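Let me begin by presenting the structure, written as structure tokens, before commenting on it.
Here the structure is a predicted model, which means the values were calculated and not measured. A, B, ... follow the sequence lines: proteins, then strands. Residue 1 opens every chain. Basis for what follows: all heavy atoms, side chains included, without hydrogens, waters or symmetry-related copies.
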Amino acid sequence: MGRFILQRLLQAIPVLLVVITATFFLVRAAPGGPFSAEKAVPPEVLKALEERYQLNQPVLNQYFSYLGDLAHGDLGPSFRFPGRSVNEMIFAGLPTTAELGLYALLISMLLGTTAGVVAALKPNTAQDYIPMSTAMIGICLPSFLLGPLLMLVFGIWLEWVPVSGWGNIPGDKILPALTLASGYTAYVARLSRGGMLEVMSQDYIRTARAKGLPEWVVVIKHGLRGGLIPVVAFAGPAFAGLLSGSFVVETIFQIPGLGRFYVQAAFNRDYTMIMGTTVFFAALIILFNLLSDILAVWLNPKLRQQYSSHSG
Amino acid sequence: MALLEVNNLSTWFHTRNGVVKAVDDVSFSVAEGETLAIVGESGSGKSVCCYSLLGLIPMPPGKIESGTALFNGRDLLALSERELRGIRGNEIATIFQDPMTSLNPYLTIGEQLIEPLIYHRDMSRKKARIRAIELLDAVGIPRAEHRFDSYAFQFSGGMRQRVMIAMALIAEPRLLIADEPTTALDVTIQAQTLKLISELQTQRNLAVIFISHDLAVVANIADRVAVMKDGKIVETNTTTAIYSKPQHPYTQTLLKAIPDGGKVQQADIADTPLLEICRLKTWFNISGKKNTRSGKKDTRKKSDGSAKGSSANDHTVKAVDDVTLTIRRHEILGIVGESGSGKSTLGRSILQLVKPTGGSVKYGGDELTTLSRRQMKPYRRRMQMIFQDPYASLNPRMSVFDALAEPLLYHGLATRKTVLAEVLALMDDVGLAADSIRKYPHEFSGGQRQRIAIGRAIATKPEFIIADEPVSALDVTIQAQILELILQLVDKHNLTMLFISHDLSVVRYICDRVAVMHQGKLIESGATETLWHHPQQSYTQSLLAAVPSLQASHN
């Protein structure tokens, strides 16, 4: 197992390098720069700024010095927020985004698997069609539509929950978490339905029934383990996706998270900030994919044995 | 009084394409201590019939239309799901065909074993564990205590079926339904399993319903036999009567279809060898990577970097190990052995579908192992293969015409103009109706699909064909037809054939010479009848002794 993890971590290095390189040259290829503003900046000021941030040097030199800093874990200073480093800003925004992502993940896993399993137990009946068509709507409805819709219904008409903010008024975390979770919930529901349908048609489920076990034991003990493996495999990338994809929700609900920095950085041509967040998210995606793979291996006794016997 | 008495049972499936009468007005009974065999081909309704009693068929589309099933005085068909659940696994237990898929891969076998005790007997886990270990021991699992926490994949096929049997018997049922319990097992394991079932039956005075397609297996174990066809029981009688005086024409057909005895007409075998296989080795290491010839292996190891030199040897599986064999022109050479003995790998190594680790394969004097992919091409036309499963080995998106025309056009044996006539001639050769030329594989039965596969193999006018278990997936009557077809074609086209099979009766029926493989090694070979009557190696002797035969039942 240890060797498997090490191998995967080593494989991550070239992937990250490609991401860094592509982003580095793409943002520089885009028109405009961090200091091009509507109001003309005096040439000497611009020159001083470029010198300070080493933008006057050849691009390749910039690239290698960025890589060097990165190797030390330094993502550089922010170009648009003088005096603040990218590291600082990421760690300022991360807890909020992580909390939001975690809630959304929990909601999507619980709600999604329940809906999927319920649907799979009676395929092609109302018990299947109702949750699954709801899931379809969930996939189709973008969060910039669903968010305001939820705000309107539950915040303004019903006045059950606050419509914006994060951690100021009790209950203000409910709507953003739900909005962010919707698409993932729907996807998890479809995955778990598929997984369960397949498992419930396996011979060993028939064996379990032939033993006279109550149906709930058959489903939960014999079915769920195999049926939810696709969901487990999806959970890692989903969490990474929730973290990196939360900027729409953060913007709608005015949440001071990482996503908003990311979008702002892109508009501002804040090179280091764009690079920093991209690299950070790429690393997260790789890490969570790995975690989910490990979990999937651990859940399957056969794979578990294979990997543990190979790590000698 | 009978323990189970089924009267006028009908189970129909209401599908979109109409009603399928899977079980149609069936009556039978089984007494304590008695074994009733229900025999029939696939789709005859024998399994559905038993699963109907236990409420194990999917409903809908299945529906029990009529009938009663008195078990110990209670009508199973009238019970609620809850009441029926109290009987399943408790008073009536079931063993299924394939122990690999029938055991839950995610739970330890111990956990699965104790479930009936926990849910039917309210036993504590601790007590149930002790009982389960006792029973594992009784069915012959060595070191039962240690194996309790193992998973199904950690057992061999035979051991898995023992676990299934233990699981079925743990709640001490009165009726055991065994649905093809030995079909997925090797012949020696089959013999052991059958023995175990009949021993346990005598000890516990069990009633057994034994579902099988194999009349030879049934002959050795059943007291009475019911023959099923198209959802109906056509004949029920004592085992002796069924085999000696079959009344119904279908029973007679079934019995006749069992390959019994040796090859009738001897082929005209030339003394010239077509294939000379010398010290052939094909080794795999356990991760699935193959050890190729030494030069390549070294370079890969270097580029890989992570591979440990020493561990490579520890994980090597010698699938084919030092096999020397000659196949003469126009003979059918049988390769027999149990699963995992390396017989399929031998076939694939001969065709260079896997590159051998060492040794030589000479085809008509030409060395094949050193040829590149391109250089192999002319030989590919002359050497063909027929696979076991005609469902899996035919491309579902290619019609019969496409499947048969492809090799003809690829090897330049037909032009766009002549290909239709060639394909029709081939279809005629293998006994397929000309009007099915545009049909796709799923529109055919298993036997017809195997005819297509055979047609595809002989399309290139090969000299040599490897048939890898070509009839194991087929029902016995279909099997007989395909064997006839193979014999006919071998004779007509002067073919040389390597016939790989685990079924010794089939091999004896069709082969001129037989070679026995065991753990990658070729341990014995000889003329079929000589080998049958005077096997030299003890392994061959035990293999032959394990073959269920109709004669044995009459002794």
| said: Tell me every residue that passes side-chain hydrogen bond (donor to acceptor under 3.5 Å, both in side chains) with A/Asp203, counting only those two or more places apart in sequence or in another chain. | reply: B/Thr101
| task | Might you confirm whether atom OH of A/Tyr187 has over 12 heavy atoms from other residues, nucleotides or ligands at distances under 6.0 Å? | result |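 Counting other residues, nucleotides and ligands, OH of A/Tyr187 stays at 12 neighbours or fewer.
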| request: Check the surroundings of atom CD in B/Glu134: do more than 12 heavy atoms from other residues, nucleotides or ligands lie under 6.0 Å from it? | output: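 Enclosed.
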In terms of heavy-atom proximity below 4.5 Å to chain B, should [X] be classed as side chain, backbone, both, or neither?
X	answer
A/Leu299	backbone
A/Leu6	neither
A/Val217	side chain

Are the side chains of [X] and [Y] in touch, meaning some heavy atoms are under 4.5 Å apart?
X	Y	result
B/Leu103	A/Tyr204	no
A/Gln305	B/Tyr151	no
B/Tyr106	A/Val199	no
B/Arg85	A/Pro214	yes

Rounded to the nearest 0.5 Å, how far apart are [atom1] of [X] and [atom2] of [Y]?
X	Y	atom1	atom2	value
B/Ile57	A/Arg206	CD1	CZ	12.5 Å
A/Thr207	B/Asn104	OG1	CG	8.5 Å
B/Glu81	A/Arg209	CD	CZ	8.5 Å
A/Lys211	B/Met167	NZ	CE	4.0 Å

Which answer fits [X], side chain, backbone, both or neither, if we ask what part of it has an atom under 4.5 Å from a heavy atom of chain A?
X	value
B/Met164	side chain
B/Leu54	neither
B/Gln112	both

| Salt bridge present between A/Lys221 and B/Glu111 (N-O < 4.0 angstrom) | yes
| said: Minimum heavy-atom separation for B/Pro105 and A/Pro301, please, with both atom names. | reply: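 Smallest interatomic distance, heavy atoms only, reads O-CG, 3.2 Å.
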